[in-house]
Amino acid sequence: MNVKDLFRSNIKNLSPYSTARDEYTGDIGIYLDANENPYDNGYNRYPDPHQKSLKGKISGIKNIPADRIFIGNGSDEPIDLVYRIFCEPRIHNAVSIAPTYGMYKVAAQTNDVEFREVMLDGDYRLNSQKLLDASDENTRLVFLCSPNNPSGNLLEKSEVINLLNNFNGIVVLDEAYIDFAGAESFSLLIDEYPNLIVLQTLSKAWGLAGLRLGLAFVQPEITAVMGRVKYPYNINVVTQKIISDELDAPRHSQIEEIIRQRRMLEEALPGVAVIEKVYPSDANFILVKVDDPRGIYNILINEGVIVRDRSKIRGCEGCLRLTVGTPEENRRLIEILNGL
C-alpha cells in the first residue's frame with residue numbers, strides 16, 4: 001500500500017501556511033517577521049510550530065524517531081485531521097468498533113463522513129472480520145481503542161494485526177490508556193505497517209490532562225501532511241514549556257499506584273450488593289454493571305462523587321464507568337456503594 005494514494009486530492013496539492021522562520025534555520029537575533037510585540041515577557045513570541053525540541057524529548061522517551069511523531073492539541077486534533085486528510089465528505093466512510101470513545105463519531109459527523117459502528121463480541125472482544133465485512137471500497141478509516149473506552153480491555157493483538165494486513169485503508173489505534181496495561185505499544189510497529197496510526201496522550205498516565213497534548217505515531221509521509229493541514233501554532237508556548245519540564249519527572253510510581261488501586265477495586269466491587277458484574281480492566285477505570293445505574297449515579301452525585309453513566313450506550317446497558325482515584329477517594333466510593 002502507498003498511503004499517499006489515500007490522501008484527498010485537495011490535500012495532496014495543499015500549500016501550507018508558512019512563516020519566515022520555516023525558511024531559516026540559523027541563529028536569529030532580531031525578530032521582525034511576525035508582527036509580534038518586541039518586548040520580552042516570556043510569551044511575546046509565537047511558539048515553535050513544529051515543536052522540534054519537544055518532539056526530540058518525546059522521541060527519546062518513546063523510542064520513536066521524531067519524524068514519526070505528530071503533536072496535537074489533545075488526541076482529538078489528530079482524530080479530526082485524519083478525517084480531513086483521508087475522507088472526502090459524503091463519499092468516503094469510516095468503520096469503528098462499538099461501544100468506544102465517542103469523539104470518533106463526533107469527528108465523522110463534523111466532517112460529514114458516514115460512520116459505521118460494529119459491535120464488539122461478548123466481553124467486548126474484537127472480531128476483525130466483522131470490521132472488514134462492514135468495509136467497502138469507500139472505507140478509508142477504521143478506528144480502534146485499546147485498552148478500549150469504556151470497556152477497559154485490551155483488544156486482541158492478533159485481531160488488530162489481521163485488520164492491518166487485510167484492510168486497504170488507515171487503521172487508527174487509540175492507545176490513550178496503554179501505560180496501565182502492561183502491554184507493548186503498537187507504536188513500535190509503525191514501520192512494519194504503513195497504514196497504522198497510533199494515538200497516545202499525556203492526559204492519563206502522565207497526569208497532564210489540563211495541558212491538552214496528544215501524540216500520533218505514524219509514517220513520515222503522514223506526519224508531514226498532518227503538519228501541513230494543522231493550524232500553524234497549535235501547541236502554545238506555555239504548554240510546550242511545561243510539558244518539556246514534566247517529561248523529565250518519572251511517572252512510574254503513580255502508574256504503579258493506580259494499577260494497585262484498580263486491583264483493589266476489582267477485588268472489592270464484586271462484594272457490593274448493587275453491583276452485578278465487574279468487567280476486567282487494563283486501563284485506569286473499571287466498567288461495572290449495576291441494578292439501577294441512574295439512581296446510583298444520582299446518589300453518588302449527592303455525596304459529591306461523580307462517575308460516568310454509560311447505561312444508555314448500546315453494549316453498556318446498566319453500566320457505570322468508575323475512574324480509579326486516590327486511595328482515599330476509592331475507599332469513599334466503596335463506602336457509599338456499600339451503604340446502598
Side-chain angles (χ1 to χ4, degrees), residues 58 61-63 74-76 99-103 123-124 144-155 157 173-188 198-215 217 242-243 245-272 275 277-290 296-297 300-301 303-310 316 319-338:
I58 292 170
I61 293 171
K62 298 291 186 178
N63 196 29
S75 295
D76 297 332
T100 195
Y101 180 45
M103 274 306 298
D123 290 330
Y124 304 112
L144 306 174
C145 185
S146 183
N148 187 39
N149 174 15
S151 58
N153 60 304
L154 270 172
L155 302 181
K157 184 174 182 179
L173 178 60
D174 189 344
E175 292 186 336
Y177 303 96
I178 193 65
D179 298 280
F180 304 105
E184 187 175 81
S185 168
F186 267 85
S187 62
L188 302 178
V198 176
L199 304 181
Q200 292 187 13
T201 180
L202 299 185
S203 295
K204 313 299 181 182
W206 287 85
L208 301 174
L211 294 173
R212 304 301 300 129
L213 194 131
L215 306 170
F217 304 119
I242 296 177
I243 291 286
D245 293 341
E246 290 290 333
L247 289 176
D248 292 329
R251 290 294 190 275
H252 300 298
S253 60
Q254 291 182 357
I255 295 171
E256 290 168 358
E257 177 61 21
I258 290 170
I259 293 173
R260 281 194 294 270
Q261 287 298 306
R262 182 187 73 200
R263 291 171 178 162
M264 182 278 292
L265 288 171
E266 288 175 325
E267 293 175 0
L269 289 169
V272 176
I275 292 180
K277 183 171 183 177
V278 178
Y279 291 92
S281 175
D282 298 297
N284 67 332
F285 58 84
I286 299 174
L287 188 72
V288 298
K289 188 172 184 179
V290 297
I296 294 172
Y297 174 87
L300 289 169
I301 285 287
E303 293 289 342
V305 177
I306 184 169
V307 298
R308 194 73 187 272
D309 182 0
R310 303 279 77 186
C316 293
C319 289
L320 300 176
R321 192 190 69 196
L322 315 176
T323 303
V324 178
T326 65
E328 295 78 15
E329 291 169 340
N330 298 328
R331 283 194 293 270
R332 178 59 179 152
L333 172 66
I334 294 296
E335 179 184 339
I336 297 169
L337 291 175
N338 274 324

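What you see is a predicted model; the values in this text were computed from it and never measured. Side chains are part of it too, since the values below use all heavy atoms of this structure and drop only hydrogens, waters and symmetry mates.
Arg262 places a side-chain N or O within 3.5 Å of a backbone atom of Ala283 that can act as its donor or acceptor partner. Under a 3.5 Å cut-off, the side chain of Arg310 and the backbone N or O of Ser151 do not form any donor-acceptor pair. A donor-acceptor pair under 3.5 Å is formed between the side chain of Asn153 and the backbone N or O of Tyr124. At least one donor-acceptor pair under 3.5 Å links the side chain of Ser75 to the backbone N or O of Gln200. Between the side chain of Glu267 and the backbone N or O of Met264 there is no donor-acceptor pair closer than 3.5 Å.
Closest approach of Asp309 and Leu320 over heavy atoms only: CA-CD2, 3.7 Å. In terms of heavy-atom proximity, Leu287 sits nearest to Pro150 at CB-O, 3.5 Å. Of all heavy-atom pairs between Glu257 and Pro327, the closest is OE2-CG, 3.4 Å.
Taking 4.5 Å as the limit, every side-chain heavy atom of Val290 sits out of range of all side-chain heavy atoms of Leu337. In this structure, Thr100 and Asn149 have side chains that are not in contact, with every pair of non-hydrogen atoms separated by 4.5 Å or more. Side chains of Ile306 and Leu300 form no contact here, defined as non-hydrogen atoms less than 4.5 Å apart. Considering only heavy atoms from C-beta on, Val307 stays 4.5 Å or farther from Arg321 through its side chain. For the pair Glu335/Arg332, a side-chain contact is recorded, criterion being any heavy-atom separation below 4.5 Å from C-beta on. Looking only at side-chain heavy atoms (C-beta outward), Leu322 and Asn330 stay at 4.5 Å or farther from each other. With contacts defined as side-chain heavy-atom distances shorter than 4.5 Å, the pair Trp206/Glu246 does not qualify. The shortest side-chain heavy-atom distance between Leu265 and Ile334 falls under the 4.5 Å cut-off.
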Open item on the list: Please determine whether side chain to side chain contact (heavy atoms under 4.5 Å, CB included) holds for the pair Leu199 and Glu175, giving the CA-CA distance in whole Å, both sets of side-chain angles, and the decisive distance to 0.1 Å.
Closed with: CA-CA 6 Å; Leu199 304 181; Glu175 292 186 336; over 6 Å; no

Task: Stepwise side chain to side chain contact (heavy atoms under 4.5 Å, CB included) check, Ile243 with Leu202 - done: CA-CA 9 Å; Ile243 291 286; Leu202 299 185; 3.7 Å; yes

- [ ] Apply side chain to side chain contact (heavy atoms under 4.5 Å, CB included) to Gln261 and Glu329, showing your working.
- [x] CA-CA 10 Å; Gln261 287 298 306; Glu329 291 169 340; over 6 Å; no

TODO: Apply the test side chain to side chain contact (heavy atoms under 4.5 Å, CB included) to residues Ile242 and Leu211: give CA-CA distance (whole Å), side-chain angles for both, the deciding distance (0.1 Å), then the verdict.
DONE: CA-CA 8 Å; Ile242 296 177; Leu211 294 173; 3.5 Å; yes

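Residues in residues 277-289 take part in these side chain to side chain donor-acceptor pair (under 3.5 Å) pairs, two or more places apart or across chains: Asp123-Lys277.
Under 4.0 Å is where a charged nitrogen must lie from a carboxylate oxygen, and between Arg212 and Asp76 at least one such pair does. The pair Arg331-Glu328 meets the salt-bridge criterion, since a charged nitrogen lies less than 4.0 angstrom from a carboxylate oxygen.
In Asp245, the CG atom is crowded: over 12 heavy atoms of neighbouring residues, nucleotides or ligands sit closer than 6.0 Å. The environment of CZ in Arg260 is crowded: more than 12 heavy-atom neighbours from other residues, nucleotides or ligands sit within 6.0 Å.
In this structure, Phe285 has its ring center under 6.0 Å from that of Tyr177.
Here Ile286 contributes atom CD1 and Cys319 contributes atom SG; the two are 12.5 Å apart, rounded to the nearest 0.5 Å. Atom-to-atom distance recorded for Ser203:OG and Leu213:CG is 8.0 Å, nearest 0.5 angstrom. One distance of note links OG of Ser187 with CG of Leu215; it measures 10.0 Å at 0.5 Å rounding. Here the CG-CD1 distance, from Asp179 to Ile255, works out to 5.0 Å after rounding to the nearest 0.5 Å.
Residues Asn148 and Ser146 have side chains that never bring a donor and an acceptor to within less than 3.5 angstrom of each other.
By the ring-ring contact (aromatic ring centres under 6.0 Å, His included) test, Tyr297 is found to be paired with no residue, residues two or more places apart in sequence or in another chain being considered.
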